[in-house]
2 protein chains.
Amino acid sequence: MAEYECGRLDKRRDAIIAAARDLFIKNGYERTTLGQVVEQAGGSLATIYKLFENKDGLLSAVVFESAASSELLIQKAVAGSSDPATILHRLARDLRDSFLSNEVLALVRVVIARSVSDVDFARRFYEKTASSTRTSLQDLFEHWQREGRTMSSTPFVLTETFLSMFLGDTHKEAITHGAAPQLSPEELDARTDLFLRGAGLL
Amino acid sequence: MAEYECGRLDKRRDAIIAAARDLFIKNGYERTTLGQVVEQAGGSLATIYKLFENKDGLLSAVVFESAASSELLIQKAVAGSSDPATILHRLARDLRDSFLSNEVLALVRVVIARSVSDVDFARRFYEKTASSTRTSLQDLFEHWQREGRTMSSTPFVLTETFLSMFLGDTHKEAITHGAAPQLSPEELDARTDLFLRGAGLL
DNA sequence: GAAATGGCGTAATGAGCATTGCACGTGAAG
DNA sequence: CTTCACGTGCAATGCTCATTACGCCATTTC
């Protein structure tokens with residue numbers, strides 16, 4: 001029975017998370033009621049409380065299930081070439097593509113809203129996602145340094161600079177809802193070139 | 001009577017805004033009740049509704065009264081020197097100093113929380129503050145261009161890049177509550193140098 | 001000093017929703 | 001077929017505020 005049990009509950013769990021994710025994206029966390037989640041997912045309020053403790057727990061489950069680190073993008077970019085310029089151009093474009101879809105932005109907004117008012121959530125989220133992206137990227141710069149490439153600054157500064165540019169775009173877009181201007185793909189490339197030149201990698 | 005009236009109400013208005021600002025900074029917007037505001041400012045609920053329509057109106061008043069554009073910082077930096085490198089180093093440090101105090105960060109968090117869930121507020125706020133900072137900075141790059149300085153990219157791209165680095169720091173800090181690493185003053189200078197080199201201004 | 005204007009204080013009002021408790025029905029196991 | 005467990009559905013239960021209504025007091029004007 002235990003096996004079946006698990007299967008049944010897991011299906012419910014998945015359905016609830018999917019519905020919650022959908023509603024959070026569409027209406028935001030605060031404006032989503034657990035009633036709506038139940039309505040869309042089936043099941044019952046009691047089940048949500050059994051599975052997730054409370055509404056906050058549901059949010060955590062949704063967010064930590066959806067949010068991936070961008071380590072994978074870095075690996076893909078590294079696999080495609082060994083030239084720093086090519087790798088970083090590729091990475092810049094991939095980051096942009098994966099973070100600037102409306103769905104991801106809506107989820108980012110939910111995370112931001114929560115982070116801003118809940119220090120603990122903010123820290124946990126950062127550790128789970130941005131932190132490992134940071135580390136991977138810094139490893140990459142350190143690797144290049146060991147290979148004998150000269151760079152104009154420390155791997156730490158380069159990492160922070162690159163990320164502040166590219167993740168900053170996401171934050172800005174999420175916060176301003178498109179009131180701030182965006183870079184076109186060509187301008188994005190120009191900015192990456194600016195970084196490369198500044199870093200001494202071009 | 002009209003004059004006196006005005007003076008009395010204005011004092012109340014100032015006290016209410018100061019108290020609200022204080023409480024928003026300390027506890028955030030959602031967690032601040034109008035009751036607390038009245039308790040701290042004196043006056044009465046009815047007065048708040050007369051002056052600000054509702055809680056949202058009070059938030060707008062607080063935020064738009066507190067938030068200044070950074071145009072002034074740009075003007076100060078420009079007044080101090082005519083060398084782009086010096087100006088931008090100065091500006092970078094000034095921006096950091098004015099945006100990384102705990103009080104300003106707390107206010108930024110309030111604005112972010114609101115912006116994320118209220119498109120209209122986000123747009124209005126952007127127009128009132130960031131937009132004019134953007135414009136001033138872009139004017140500066142265009143000015144240098146007209147002076148015959150060669151730069152590696154368009155004024156638009158340079159502006160976006162510079163701002164995404166420096167305002168991005170503020171966003172990141174506000175959102176992560178210090179979980180993300182910060183640049184030391186020397187590292188900040190290194191990053192500015194990176195920008196200058198990348199921009200062809202060094 | 002009397003009248004009027006308008007702020008003050010308090011006490012409803014009421015909505016919105018998370019959270020809980022309980023009685024029912026449906027699935028699996030013997 | 002029966003039984004038991006466990007999800008389900010529904011219907012309270014609170015609670016927290018924003019928002020409103022109203023009678024009182026102070027200050028100003030004539």
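Computed from a prediction, not measured in an experiment: that's the story for all the values here. Chain identifiers are assigned alphabetically (A, B, ...) following the order of the sequence lines, protein sequences preceding nucleic acid strands; residue numbering begins at 1 within each chain.
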task: Can you run down the ring pair (Phe, Tyr, Trp, His ring centres under 6.0 Å) pairs that involve residues 67-95 of chain B, sequence neighbours left out, and say none if there aren't any?
output: none
- prompt: Base, sugar-phosphate, or nothing: which does B/G42 touch, judged by heavy atoms less than 4.0 Å apart?
  reply: nothing
Nucleotide nearest B/T47 (side chain, heavy atoms from C-beta), chosen from C/dA11, C/dG7, C/dT20: C/dG7
query: In terms of the nearest nucleotide of DNA chain C, which residue is placed more toward the 5' end: A/A46 or B/A46?
result: B/A46
Value in whole Å for how far the [atom2] atom of [N] lies from [atom1] of [X]:
X: A/I48; N: D/dC10; atom1: CD1; atom2: C1'; answer: 15 Å
X: A/E39; N: C/dC17; atom1: CD; atom2: P; answer: 13 Å
X: B/L51; N: D/dT19; atom1: CG; atom2: C1'; answer: 16 Å
X: A/L58; N: C/dT19; atom1: CG; atom2: P; answer: 11 Å
X: B/L45; N: C/dA12; atom1: CG; atom2: P; answer: 15 Å

message: If only side-chain N and O atoms count, and only distance matters, is there a donor-acceptor pair under 3.5 Å linking A/S101 with A/E103?
response: no
- prompt: With distance as the sole criterion, is a donor-acceptor pair present between the side chains of B/R21 and B/S66 under 3.5 Å?
  reply: yes
- prompt: Within less than 4.0 Å of OP1 or OP2 of C/dG7, is there a side-chain N or O belonging to B/K50?
  reply: yes
Quick test: give all pairs of protein nitrogen or oxygen and nucleotides 14-18 of chain D nitrogen or oxygen below 3.5 Å, distance rounded to 0.1 Å.
{"residue": "D/dA18", "atom": "OP1", "partner": "B/T32", "partner atom": "O", "Å": "3.4"}
{"residue": "D/dA18", "atom": "OP1", "partner": "B/K55", "partner atom": "NZ", "Å": "2.6"}
{"residue": "D/dA18", "atom": "OP2", "partner": "B/L34", "partner atom": "N", "Å": "3.0"}

All N/O donor-acceptor pairs, side-chain side in residues 75-84 of chain A, below 3.5 Å, sequence neighbours left out:
{"residue": "A/S81", "atom": "OG", "partner": "A/D83", "partner atom": "N", "Å": "3.0"}
{"residue": "A/D83", "atom": "OD2", "partner": "A/T86", "partner atom": "N", "Å": "3.1"}
{"residue": "A/D83", "atom": "OD2", "partner": "A/T86", "partner atom": "OG1", "Å": "2.7"}

message: Using a strict threshold of under 4.0 Å (side-chain N to carboxylate O), is an ion pair present between B/D22 and B/K26?
response: yes
message: A quick test of your reading: do over 12 heavy atoms of other residues, nucleotides or ligands sit less than 6.0 Å from CD of B/Q145?
response: yes
